Amino acid sequence: MKWESPNTLYIEAIGVKKTSLAKRFGGSLIAVKKWLVSFIITPKTTNFESVYLKISFSNFNCLFVNVYIPPASPQKIYEDFIEATEEII
């Protein structure tokens with residue numbers, strides 16, 4: 001287990017990526033089998049909790065995104081998420 005930044009935890013044994021902007025709880029998480037080749041993609045905008053993960057298997061590539069945006073968030077957060085996702089795709 002190692003910390004990549006104060007709010008990001010990467011557990012190598014089972015391939016989990018978790019992020020949280022909250023001080024205590026919450027965050028986004030994607031768990032991946034360790035034998036799958038996966039890459040964490042960090043968006044330019046980080047004012048929302050998200051995990052972008054590219055998984056490669058044989059000739060197959062897939063992007064998985066897990067995002068948490070609190071219900072009372074301003075529209076700007078949603079726009080930033082869409083923009084960040086479009087930049088990655």
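Computed over heavy atoms, backbone and side chain alike; hydrogens, waters and symmetry mates excluded. Values in this document were obtained by computation on a predicted structure and should not be read as measured data.
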Problem - Path from Phe39 to Phe64 over hydrophobic side-chain contacts below 4.5 Å - result: no

Exercise for the section: Would you give the length of the straight line joining atom CD1 of Ile77 to atom CD1 of Ile69, rounded to the nearest 0.5 angstrom? Expected result: 7.0 Å

Practice task
Check side-chain hydrogen bond (donor to acceptor under 3.5 Å, both in side chains) between Ser56 and all other residues, then give those that pass, not counting sequence neighbours.
Solution key: Asn61

Handout entry: With sequence neighbours excluded, residues passing side chain to side chain contact (heavy atoms under 4.5 Å, CB included) with Ile89
Key = Leu63, Thr85

Handout entry: Joint hydrophobic cluster, Phe60 plus Val65, side-chain heavy atoms closer than 4.5 Å
Key = no

Exercise for the section: Can you label the angle between the Tyr52 ring and the Phe81 ring as parallel, tilted or perpendicular, going by 30° and 60°? Expected result: tilted

Exercise for the section: Kindly indicate whether the side chain of Ile40, heavy atoms from C-beta on, has any atom under 4.5 Å from the side chain of Leu53. Expected result: yes

Handout entry: Value rounded to 0.5 Å, distance of CD1 in Ile88 from CD in Glu83
Key = 11.0 Å

Exercise for the section: For residues Phe48 and Ala84, report the shortest heavy-atom separation together with the two atoms involved. Expected result: CZ-CB, 3.8 Å

Practice task
Indicate, with yes or no, if Val37 and Val51 share a hydrophobic cluster defined by side-chain heavy-atom contacts under 4.5 Å among Ile, Leu, Val, Met, Phe, Trp and Tyr.
Solution key: no

